[in-house]
Amino acid sequence: MPVGYERFRSLLEEEWTASRAAQAALSADFASTSDLRRDSNIDDEHDPEGSTIAFELSQSATLIRDVDSRIAEVEAALHRLDTGTYGTCEVCHVPIAEGRLEARPWTRFCINHAAGA
Ligand SMILES: [Zn+2]
């Protein structure tokens with residue numbers, strides 16, 4: 001692993017900190033929207049406000065899942081830095097372009113194998 005990859009550690013740590021903050025904010029939102037739904041005793045299916053709340057809850061759940069998986073990806077990338085496997089594609093084992101790592105320092109794949117990652 002080229003020594004230069006150490007600089008991605010601080011990018012990953014920043015991303016981790018930001019993702020944890022987002023996770024906490026999203027979870028708090030989700031909890032307060034859930035409370036609102038419970039307290040208001042709204043009929044989800046027939047009340048327009050109820051469906052808005054249900055929609056918000058499903059949106060929040062999706063965002064929370066995304067941020068959870070981002071945190072897992074970032075932690076895995078930090079682990080790869082520790083073990084010296086960072087920066088190579090998991091599929092073809094070629095070094096991942098530095099520009100790509102700068103944009104997505106947690107990526108496990110080169111541009112050719114990026115499919116959704
Ligand atoms: Zn590849």
Side-chain angles (χ1 to χ4, degrees):
M1 182 178 76
V3 177
Y5 283 174
E6 265 310 297
R7 72 195 165 93
F8 292 112
R9 186 182 297 276
S10 58
L11 290 177
L12 287 163
E13 284 169 351
E14 278 168 27
E15 181 67 27
W16 189 86
T17 305
S19 297
R20 287 302 296 248
Q23 184 186 47
L26 287 165
S27 301
D29 268 7
F30 187 82
S32 62
T33 309
S34 298
D35 287 350
L36 183 67
R37 181 194 216 179
R38 193 171 49 242
D39 295 347
S40 59
N41 200 21
I42 285 169
D43 178 344
D44 275 2
E45 283 181 38
H46 302 107
D47 186 313
E49 193 183 346
S51 40
T52 303
I53 291 173
F55 179 74
E56 277 176 21
L57 283 174
S58 81
Q59 291 286 94
S60 302
T62 303
L63 291 170
I64 290 169
R65 261 200 309 279
D66 287 351
V67 79
D68 283 350
S69 65
R70 169 64 51 83
I71 289 167
E73 289 284 353
V74 168
E75 286 176 351
L78 285 165
H79 180 72
R80 292 195 299 280
L81 270 175
D82 289 338
T83 56
T85 56
Y86 183 79
T88 49
C89 175
E90 267 187 13
V91 179
C92 62
H93 306 287
V94 306
I96 299 168
E98 296 222 355
R100 178 165 164 74
L101 289 171
E102 277 159 14
R104 308 173 74 81
W106 54 85
T107 191
R108 291 181 283 134
F109 304 106
C110 73
I111 193 78
N112 293 324
H113 296 113

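All values below come from the heavy atoms of this structure, side chains included, with hydrogens, waters and symmetry mates left out. Numbering of ligands and ligand atoms starts at 1, following listing order. Positions are given from 1 along the sequence. All values reported here derive from a predicted model rather than from experimental measurement.
- Using a 4.0 Å cut-off between a side-chain N of Lys or Arg and a carboxylate O of Asp or Glu, D35 and R38 qualify as a salt bridge.
- Taking a cut-off of 2.8 Å, the protein N, O or S atoms nearer than that to the Zn ion (ligand 1) are C89 SG, C92 SG, C110 SG, H113 ND1.
- Formation of a donor-acceptor pair under 3.5 Å by the S10 side chain with backbone atoms of R7 is found in this model.
- Residues C89 and R108 are not in side-chain contact: their nearest non-hydrogen atoms beyond the backbone lie 4.5 Å or more apart.
- Contact check for L78 versus Y86: no side-chain heavy atoms found under the 4.5 Å cut-off.
- A donor-acceptor contact under 3.5 angstrom links the side chains of W16 and E75, judged on distance only.
- Residues I64 and Q59 have side chains not in contact (no heavy-atom distance under 4.5 Å, counting atoms from C-beta outward).
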